[in-house]
There are 2 protein chains.
Amino acid sequence: MHSHSHERARPFENRFEIVIMVPNKSREKLDLGPLPSLLGYALRRAQLAVFADFNAACEKLQLRPAQFSALLLIEANLGCKQSDAAEALGIMQPNFVALMDELERRDLARRAPGKTDRRAYALELTDAGGTLLERARTVVSEHDARITRGLSASETALLLQLLARVEQNATPQVAP
Amino acid sequence: MHSHSHERARPFENRFEIVIMVPNKSREKLDLGPLPSLLGYALRRAQLAVFADFNAACEKLQLRPAQFSALLLIEANLGCKQSDAAEALGIMQPNFVALMDELERRDLARRAPGKTDRRAYALELTDAGGTLLERARTVVSEHDARITRGLSASETALLLQLLARVEQNATPQVAP
DNA sequence: TATTGTTATACTCTATAACTATA
DNA sequence: TATAGTTATAGAGTATAACAATA
């Protein structure tokens, strides 16, 4: 408090003052009403923010969430069919075609001919795909640590468990 | 058990047996690897399932999540500006225009002229909008109860709190 | 007859640039 | 010069129908 007025009294010293003018948006903060207590709303907000962080982190690698998860899935299930991979990721088959086209175009994954069924492909990672996935793993781990910072290990585990239960609750069950 | 074989012995009674043939997809269950432990992945899965349940529940009312939240927000902030409403909901202004167009076309909300600023609108609910919102509140409450069933009140509260913290972690902070 | 992968297509959500009319 | 609202547009993500090749 005293130092400030003292410094102001020596105007010709070699100092800089950087002022960032944030344009005053003058936005009224609105009352969100019951929205924050609606789970679907909170889920949506969190998911959008988390994907934005993921995309920013993986911009260098040019990997979107679906592409990253596809590479992970192929690595964990070498030789699997396209339809099984799409099903596991919750992606419709026609949409997964375009995803695989792109991964193949970038030489990250490969559609090898099926061993027994000539209709089906056996999905594989290329060497470049394995290398990129290794780099992505690091970046995504950092991303995951960033979005869960301040949460204890047990809180994070509980969050994952609660999300799984909510997903289960919201998923229509088919008769066995 | 006995009754069944007994009934089979009387083939000409006026009974029906309805058999639903579920096509055996013969899908291999793939190994999801580290995906289930990634928060972003769990968030996305849960959010998709929850929105699907919301949309199924609100199909009768023809209300999508963004429309419902907009009606709620307008009701809680009668006379608010369009830009403030969009900002509060995390919707880009140009996209909120189309949303309001649709609500106005269905006579659920209204763009009244601004009191002091002739550039701005004052958003209001119509009577029909208030009535529909009241019905939607019931449907969405049931939806919310459905997706959180099996969770205790404290678990649900904790889930909301953890989601808010994750959203905050993932949101880039601007310097004040 | 059913499954695998594919094409074509459509609809929603999201994002950006550029315009107008007011301030 | 900046803000409120708008238009136009583009890009993802998601969904379905219909087809060819194979089982």
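Everything quoted here is computed from the prediction, not taken from an experiment.
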Below 4.0 Å: OP1/OP2 of C:dC13 and any side-chain N or O of B:Arg64: yes

Nearest to the side chain of B:Val97, heavy atoms from C-beta on, is which of D:dA4, D:dA17, D:dG5? D:dG5

To the nearest Å, give me how far apart CG (B:Leu63) and P (C:dT12) are. 14 Å

B:Asp84 CG - D:dG5 C1' separation (whole Å): 13 Å

Is A:Lys81 close enough to C:dG5 that one of its side-chain N or O atoms is under 4.0 Å from OP1 or OP2 there? no

Separation of D:dG13 P from A:Phe68 CZ (nearest whole Å): 15 Å

Taking only side-chain nitrogens and oxygens of A:Tyr121, does any of them come within less than 4.0 Å of OP1 or OP2 of C:dT6? yes

Given A:Val50, which partner from the list B:Leu38, B:Val166, B:Thr171 fulfils the side-chain contact (heavy atoms from CB on, under 4.5 Å) test? B:Val166

Please determine, for the side chain of B:Gln82, which listed nucleotide (D:dT14, D:dG5, C:dT12) has the closest atom? D:dG5

From D:dG5, D:dA8, C:dT6, pick the nucleotide closest to the side chain of B:Ser83? D:dG5

Atom CD of B:Glu102 and atom P of C:dC13: how far apart are they, to the nearest Å? 11 Å

Whole-Å distance separating the CD atom of B:Glu87 from the P atom of D:dT3: 12 Å

Among D:dT22, C:dT14, D:dT14, which nucleotide sits nearest the side chain of A:Asn95? D:dT14

Show the nearest heavy-atom pair for residues B:Tyr121 and B:Gln82, with the distance to one decimal. CD1-OE1, 3.9 Å

Basic-acidic side-chain contact under 4.0 Å: A:Arg64, A:Glu102: no

Would you say A:Arg118 places a side-chain N or O within less than 4.0 Å of OP1 or OP2 belonging to D:dA23? yes

Nearest to the side chain of B:Asp117, heavy atoms from C-beta on, is which of D:dA4, C:dA15, D:dT22? D:dA4

A:Asn55 CG to D:dA12 P, straight-line distance once rounded to whole Å: 10 Å

In terms of side-chain heavy atoms of A:Gln93, which of D:dG5, C:dT6, C:dT16 is nearest? C:dT6

Mapping B:Cys80 and A:Gly90 to their closest nucleotides on DNA chain D, which lands nearer the 5' end? B:Cys80

A:Arg119 side chain, from C-beta outward: closest of D:dA23, D:dG5, C:dA15: D:dA23

For a quick test of reading the model, state the closest non-hydrogen atom pair linking A:Leu32 to B:Ala88 and the distance between them. CD2-O, 3.9 Å

Intermediate values then yes/no, side chain to side chain donor-acceptor pair (under 3.5 Å), A:Gln168 and A:Arg165: CA-CA 5 Å; A:Gln168 185 67 15; A:Arg165 286 163 69 188; over 6 Å; no

Looking across every strand, which nucleic acid part, if any, lies under 4.0 Å from A:Ile91 by heavy atom: base, sugar-phosphate, or nothing? nothing

Which pair of non-hydrogen atoms, one from A:Gly90 and one from B:Arg45, has the smallest distance, and what is that distance? N-NH1, 4.0 Å

Compare side-chain N and O positions of A:Arg44 against OP1 and OP2 of C:dT14 and report whether any pair is under 4.0 Å apart. yes

Round to a whole Å and report the spacing from CZ of B:Phe51 to P of D:dA15. 13 Å

Atom pair distance, as rounded to whole Å: CG in B:Leu99 and C1' in D:dT6: 15 Å

